[in-house]
Amino acid sequence: MTLQLGTPIATYFAAANAADPDQLALCFAPDASVRDEGHSMHGRAAIAAWASESQRRYGAVATPRTVREEGAEVVVTADVSGNFPGSPLPLHFHFTLGESGIAALAITP
C-alpha cells in the first residue's frame, strides 16, 4: 500500500531521511514552527539547525506507516529508527499545511 502524503509532507520525509536540513527547511513556510522533544523552533533557519542537530545526534530515518486527517492537521505515524533507546519507535507527525508550505509541525510519541 502506498501512502498519499501530499507534496510538502512527502518532501519533508525524503529530505529528513536524506539528512538534508536545508531542503527540509524549504518544505516549511518562512514563519513556520516545529515542536519536538519539548522545544519549539521558529523560522526556516531555526528549523534547518534543528534538523541538522537531530540528524547528528540520532541519525534517524522515518518510515511513514499511516496518514489521517484530524481537523486542520494531517497526522502521519512513522516508525523512526536511529541512535536512541527503544529504536525503532512509532512517532506521530502532526502537520498543519499553509499556502506556502508546512505552517507547523509537532512530533509526539
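Keep in mind the model is a prediction, meaning the values are calculated, not measured. Keep in mind that the numbers below use all heavy atoms, side chains included, and drop hydrogens, waters and symmetry copies.
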Can you tell me how far apart [atom1] ([X]) and [atom2] ([Y]) are? Round to the nearest 0.5 Å.
X   : Y   : atom1 : atom2 : answer
I47 : S33 : CD1   : OG    : 7.0 Å
Y58 : E37 : OH    : CD    : 3.5 Å
S54 : H39 : OG    : NE2   : 10.0 Å
R44 : C27 : CZ    : SG    : 9.0 Å

Shared hydrophobic cluster, [X] / [Y] (ILVMFWY, side-chain heavy atoms < 4.5 Å):
X   : Y    : value
L97 : M41  : yes
L5  : I107 : yes
I9  : V67  : yes

Please report, to 0.1 Å, the donor-acceptor pairs under 3.5 Å made by any side chain of residues 17-26, with sequence neighbours excluded.
| unit_1 | atom_1 | unit_2 | atom_2 | d |
| --- | --- | --- | --- | --- |
| N17 | OD1 | A62 | N | 2.8 |
| N17 | ND2 | F13 | O | 3.4 |
| N17 | ND2 | A62 | O | 2.8 |
| D20 | OD1 | D22 | N | 3.4 |
| D20 | OD1 | Q23 | N | 3.1 |

Q: Check the pair T108, H94 against side-chain contact (heavy atoms from CB on, under 4.5 Å), reporting the backbone distance first and the verdict last.
A: CA-CA 8 Å; T108 62; H94 301 257; 3.1 Å; yes
Q. How about H42 and V34: do any of their side-chain heavy atoms sit closer than 4.5 Å?
A.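 Sidechains of V34 and H42: no contact.
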Sequence neighbours excluded and cut-off under 3.5 Å, please list the side-chain donor-acceptor pairs for residues 78-91, or say none.
| unit_1 | atom_1 | unit_2 | atom_2 | d |
| --- | --- | --- | --- | --- |
| D79 | OD2 | R65 | NE | 2.8 |
| S87 | OG | G82 | N | 2.9 |
| S87 | OG | G82 | O | 3.2 |

Q: List the atom of L3, the atom of T66, and the distance in Å for their closest heavy-atom pair.
A: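 Heavy-atom minimum between the residues: CD1-N, 3.8 Å.
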Q. Do you know which two heavy atoms are closest between A16 and Q55, and how far apart they sit?
A.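 Looking at all heavy atoms of both residues, the shortest contact is O-NE2, 3.6 Å.
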Q. Run the side-chain contact (heavy atoms from CB on, under 4.5 Å) check on V74 and F93 step by step: do they pass?
A. CA-CA 8 Å; V74 176; F93 294 76; over 6 Å; no
Q | salt bridge (charged side-chain N to carboxylate O under 4.0 Å, His left out) involving R56 - partner list, sequence neighbours excluded | A |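 R56 satisfies salt bridge (charged side-chain N to carboxylate O under 4.0 Å, His left out) with E53 only.
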Q: For side-chain contact (heavy atoms from CB on, under 4.5 Å), just list the numbers for I102 and Y12, CA-CA rounded to whole Å, side-chain angles, deciding distance to a tenth of an Å, and then say yes or no.
A: CA-CA 9 Å; I102 299 167; Y12 167 86; 4.0 Å; yes
Q) Is E70 atom CD crowded by more than 12 heavy atoms from other residues, nucleotides or ligands, each under 6.0 Å away? A)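 Yes, because the 6.0 Å sphere around CD of E70 holds more than 12 heavy atoms from other groups.
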